[in-house]
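First the proteins, then the strands, lettered A, B, ... as listed; each starts at 1.
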Protein chains: 2
Amino acid sequence: MRITAQRLEILKYLIGNPIHPTAEEIYRDVKGEQPNISRATVYNTVNMLVRLGEIRELGCTSGCRRFEPDLTPHDHALCVKCGRLFDIESEGEKDTRVMVMGKPFEVKYTDITYHGLCQTCAGSDDN
Amino acid sequence: MRITAQRLEILKYLIGNPIHPTAEEIYRDVKGEQPNISRATVYNTVNMLVRLGEIRELGCTSGCRRFEPDLTPHDHALCVKCGRLFDIESEGEKDTRVMVMGKPFEVKYTDITYHGLCQTCAGSDDN
DNA sequence: GTATATGCAAAGGCTTTGCAGTGAG
DNA sequence: CTCACTGCAAAGCCTTTGCATATAC
């Protein structure tokens with residue numbers, strides 16, 4: 001496992017990035033620093049980071065993958081209109097012992113996503 | 001909006017189906033009853049059902065779409081090893097007022113998914 | 001009878017793969 | 001020097017679209 005300029009740029013881009021970028025967004029934005037970078041490298045890198053547990057892949061209904069570099073416990077709010085995905089603080093405790101068909105399920109992490117309208121979209125008139 | 005044999009079969013297949021089928025699974029299984037059905041019809045139908053609010057599309061990290069016909073409040077448990085997605089009963093109340101960057105977010109529904117290992121996979125030896 | 005739905009095939013995204021060339025250790 | 005990584009292009013999924021035919025109402 002080598003540290004290369006491309007991998008460093010992708011990591012730098014992900015760390016502290018609150019927008020949960022898609023692979024395409026990573027590609028587009030990292031291209032500014034690494035003009036010759038290819039999509040294959042982006043995909044190789046994010047797949048590796050997911051496998052290593054350094055970032056998480058988010059469930060997504062928009063046909064592309066979104067990545068979450070912030071592994072501290074927090075929830076998400078997805079605006080169903082504009083598609084933006086916001087980080088929000090967790091409230092309360094999360095169950096770590098849940099039952100599936102009467103048998104214990106070993107929870108690794110809990111994903112809570114609120115689907116709805118953000119302030120901007122709720123205020124617009126074409127709902 | 002017409003009731004056609006194809007749409008009826010797709011609905012019959014979805015209703016009471018606990019496996020959260022993908023579009024491809026719907027296509028494959030409904031083909032038994034409607035051998036000439038096309039993928040286009042399956043996609044047209046599920047997209048229409050989602051638009052009408054009769055079924056829900058689930059966030060999914062596996063590159064294909066999964067559909068949820070059961071709109072009663074419940075949570076999910078996703079086995080990260082075998083990929084099966086189980087329905088589980090909701091426990092406790094869900095927040096309906098959350099804040100995004102200090103502003104209220106209008107929650108339509110809350111998606112809680114526990115990621116982890118099901119009993120079967122937790123018990124197998126190749127973890 | 002007419003507008004809508006179907007089925008087929010082609011096209012369009014997103015992602016992965018194969019492979020030769022490159023570069024880090 | 002060697003093996004892993006890169007970049008390109010091609011191929012692979014999944015999904016959507018265009019269009020002629022079929023069919024529900």
Side-chain angles (χ1 to χ4, degrees), chain A residues 1-14 17 19-52 54-69 78 80 82-85, chain B residues 1-14 19-52 54-69 78 80 83-85:
Chain A
M1 246 220 59
R2 292 173 181 170
I3 308 290
T4 64
Q6 290 88 337
R7 290 182 175 172
L8 268 181
E9 279 306 326
I10 292 172
L11 263 175
K12 266 172 52 186
Y13 178 70
L14 285 172
N17 183 329
I19 70 162
H20 312 92
T22 66
E24 189 63 26
E25 287 166 345
I26 298 170
Y27 173 67
R28 177 168 38 83
D29 292 344
V30 168
K31 221 172 163 55
E33 299 296 325
Q34 292 281 328
N36 291 324
I37 200 169
S38 67
R39 285 186 176 79
T41 299
V42 173
Y43 281 104
N44 282 342
T45 303
V46 292
N47 285 342
M48 190 192 65
L49 291 172
V50 169
R51 213 177 311 118
L52 292 175
E54 298 297 320
I55 63 177
R56 200 128 65 202
E57 183 174 352
L58 296 175
C60 195
T61 60
S62 54
C64 58
R65 302 161 70 191
R66 284 181 172 277
F67 299 96
E68 168 65 91
L78 174 67
V80 297
C82 67
R84 282 185 295 176
L85 185 65
Chain B
M1 245 221 60
R2 293 174 181 171
I3 309 291
T4 65
Q6 291 87 339
R7 289 181 176 173
L8 269 180
E9 280 305 326
I10 292 172
L11 263 175
K12 267 171 52 187
Y13 178 71
L14 284 173
I19 71 161
H20 311 92
T22 65
E24 189 63 28
E25 286 166 345
I26 297 171
Y27 173 67
R28 177 169 37 84
D29 294 344
V30 168
K31 222 172 163 54
E33 300 295 325
Q34 291 282 328
N36 292 324
I37 201 169
S38 68
R39 273 176 243 271
T41 299
V42 172
Y43 281 104
N44 282 343
T45 303
V46 293
N47 286 342
M48 191 193 62
L49 292 172
V50 169
R51 212 177 311 118
L52 293 174
E54 299 297 320
I55 63 177
R56 199 127 66 202
E57 182 174 353
L58 296 175
C60 194
T61 59
S62 54
C64 57
R65 301 162 70 192
R66 284 180 172 277
F67 299 96
E68 168 65 89
L78 173 68
V80 296
R84 283 184 294 177
L85 185 64

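Looking at which nucleotide of DNA chain D each of B:Ala40 and A:Asn36 is closest to, the 5′-most match is held by A:Asn36. Looking at which nucleotide of DNA chain C each of B:Ile37 and B:Arg2 is closest to, the 5′-most match is held by B:Arg2.
Atom P of nucleotide C:dC14 and atom CD of A:Glu57 are separated by 15 Å, given to the nearest angstrom. Rounded to whole Å, the distance from CD1 on B:Ile3 to C1' on C:dT6 is 15 Å. If you measure from atom CD of A:Glu25 to atom C1' of C:dT15, you get 16 Å, rounded to the nearest angstrom. The distance from atom CG of A:Asn47 to atom P of D:dT6 is 13 Å, rounded to the nearest whole Å. The interatomic distance linking A:Met48 (CE) with D:dC5 (P) rounds to 8 Å, in whole Å. In this entry the distance linking CG of A:Leu49 with P of D:dC5 reads 12 Å, nearest Å. Here C:dT15 presents its P atom at 13 Å from CZ of A:Arg28, a figure rounded to the nearest Å. If you measure from atom CG of A:Asn44 to atom P of C:dG23, you get 17 Å, rounded to the nearest angstrom.
Side-chain N/O atoms of A:Thr4 include one lying less than 4.0 angstrom from OP1 or OP2 on D:dT6. Look at B:Thr41 and you'll find a side-chain N or O under 4.0 angstrom from OP1 or OP2 of C:dG7. For C:dT6, neither phosphate oxygen OP1 nor OP2 lies less than 4.0 angstrom from any side-chain nitrogen or oxygen of B:Gln34. B:Arg7 has a side-chain polar atom (N or O) that falls below the 4.0 Å cut-off from OP1 or OP2 of C:dT6. At D:dT15, one or more side-chain N or O atoms of B:Tyr43 fall inside 4.0 Å of OP1 or OP2 (strictly under the cut-off). A sub-4.0 Å separation between OP1 or OP2 of D:dT16 and a side-chain N or O of B:Arg65 is present.
Checking D:dC14, C:dG7, D:dG7 against the side-chain heavy atoms of B:Cys64 singles out D:dC14 as nearest.
The base of C:dC8 is not paired with the side chain of B:Arg39 by any donor and acceptor separated by under 3.5 Å.
B:Glu24 comes within contact range of no nucleotide atom at all, as no heavy-atom separation falls under 4.0 Å.
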Side-chain donor-acceptor pairs of residues 3-12 of chain A under 3.5 Å, sequence neighbours excluded:
from, atom 1, to, atom 2, distance (Å)
A:Thr4, OG1, A:Arg7, N, 3.3
A:Arg7, NH1, A:Arg2, O, 2.9
A:Glu9, OE2, A:Lys12, NZ, 3.3

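B:Glu24 meets the salt bridge (Lys or Arg N to Asp or Glu O under 4.0 Å) test with B:Arg39; sequence neighbours excluded.
Using a 4.5 Å heavy-atom threshold, the side chains of A:Leu58 and A:Leu85 count as touching.
Side chain of B:Glu33 to backbone of B:Val30: no donor-acceptor contact under 3.5 angstrom is found.
For B:His20 against B:Arg66, the heavy-atom pair with the smallest separation is O-NH1, 2.6 Å.
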